[in-house]
Amino acid sequence: MPIWIDDVLSGKKKTLETRDPNRVGMYVCGVTVYDRCHIGHLRSMLSFDALVRYLEYQRYQVRYVRNFTDVDDKIIERAREIEAGPDGDWRRADRYATFTAADWALRDSDDARIRARVDQTDKPLALVVSEYFIEKFQEDFSCFGMRAPDVEPKVSDHMPQIVEYIERIIERGYAYEAGGDVYFDVAAYDAATHAYGKLSRRDAAAMIEGARVSPSENKRNGVDFALWKAQKPGEPSWPSPWGPGRPGWHIECSVMSTQYLGTTFDIHGGGKDLIFPHHENEIAQAEAACDAPFCTNWLHNGFVTVDGVKMSKSLGNFLSLHDALELALPEVWRFLVQSVHYQSPIDFSRTRINEAGERVRGSVDVAAERVQYFYQTLARADEALAGRTVNTEAPLLHTQIAGHLQERFCEAMDDNFNTAVALGLCGEAARAINELVSLKAKEIKKIGEESVAHTLHVLTTRLREVAGVLGLFLEEPESFLARFRAHELKKRGLEADWIEQKIAERGAAKAERDFARADAIRLELDALALELRDSPGRTDWDVRV
Ligand SMILES: [Zn+2]
């Protein structure tokens, strides 16, 4: 079956066509490594992770490239601040106005470690900064179990290729040197190709007409963008025919994507905010240098809000990956990201008390509860099936979902990677499993024991298979649920031992027929969102999210 995608370049829903029918070359814009990552990065990474996983499930051979921007203004700025030391004036800048004590603690410890490294190397400080944050990136993301890119190129490793690429664009008449800088000549390029603005649907002529050049700039037109920037005092630089300097931001992605995937490749991804100017300029540069279509399918993930508000440093509502992992386990974040279509906006919200004093559950807790539910469902099914031989000839129940889960999952994913619908189907399967494991012995007998077991077996196997494509529910339920419980208790400052002791006290009160006391203990635990389940001879407990 073909995969339908919502291609931003053509503005159409079309079938995914790749140069080689069995292979996909895919490039995703990575992060600029000047600080710790936040959940905006996580959303983009996890969205494209689901795509890669599904393409591989459909037997495509995927070559996945995701870059690190390790040469950039923001990195140089961070290096300057580190150089000025922890008491520098930079600390009073507006962008740090909302920093909390915890933010400063992390910041100071990162800076101190970077400073310690500088003494042991002759590399420029800016490169030590970027190397440090590449390591942090790998550490912080390692717990999410993402399919690693095949290549993770860095700008600083590709300077000769970038210079050569820029030279090609100049030779073709689409770029010019001015005062040690090199600019892309948007007017010349658009006059020859009528292609500038084709991704972002902007009117190039109007942009060229309306743009102003500030007197401090060497550009011919305000829309022209830098391919190469002459070195300013104190900045790291690399040699070039135009003097020492460094590349502009956009050129790296044109160079590195085509180097690893070929002049024309299949899928380019990134956040919606990158469509203009970054991706528009990537296309212009590549098609100016290579005279061939750059990338044929463009996919962009939607925006992220936190507690309903766009994330921004000045608002102080940045949710770092570090804080995110204190709120919920990695798999909960994966589930939450995939419960929303990759193109739609997503809100990461925390549980709060509203003005009327009511508890409003945030999307993070809702997702946590769902993940707990899926694992509990699988645990119950595994227990029901333990030690049984399944007769695969027995008639199947819940045929709509048991017999067709895989097919319907693929239909959802073939429709522009609709993970939200795909997870809805997983929910249908879980409901059917719960219905079966809740049947009374008499009902099982009436329906047919072998049918029930066969259906349970099919449902759990298929559920694990399709959810596994999205990187979900791959763990043994017992081990996941134990970690989940420990994480939730830690968040609430509770100890398992204390709960066990309370349950023992309740048992003793019951034995003494002091039911008022036993009830009071149950209510005390209930108020802490701890649920007790009595069965003959024992009481189990669990956390409620
Ligand atoms: Zn890029």
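Note that ligands are numbered from 1 as they come in the structure, with each ligand's atoms numbered from 1 the same way. Nothing here was measured: the structure is a model prediction, and the numbers come from that model.
Taking the six-membered ring where tryptophan is involved, the planes of Tyr54 and Phe409 are perpendicular, since the angle between them exceeds 60° and thus also 30°. Under the 30°/60° scheme for interplanar angles, the aromatic rings of Tyr196 and Tyr189 are found to stand perpendicular.
Here His278 contributes NE2 and Glu282 contributes OE2, and at the Zn ion (ligand 1) these two atoms make an angle of 70°, given to 10°. Annotation: angle subtended at the Zn ion (ligand 1) by Cys253 SG and Cys29 SG is 130°, to 10°.
In this view, Lys13 and Asp415 satisfy the side chain to side chain donor-acceptor pair (under 3.5 Å) rule, not counting sequence neighbours. Checked against salt bridge (charged side-chain N to carboxylate O under 4.0 Å, His left out), Lys123 has the following partners two or more places apart in sequence or in another chain: Glu131.
Residue contact annotation: His279 places no N/O/S atom under 2.8 Å from the Zn ion (ligand 1).
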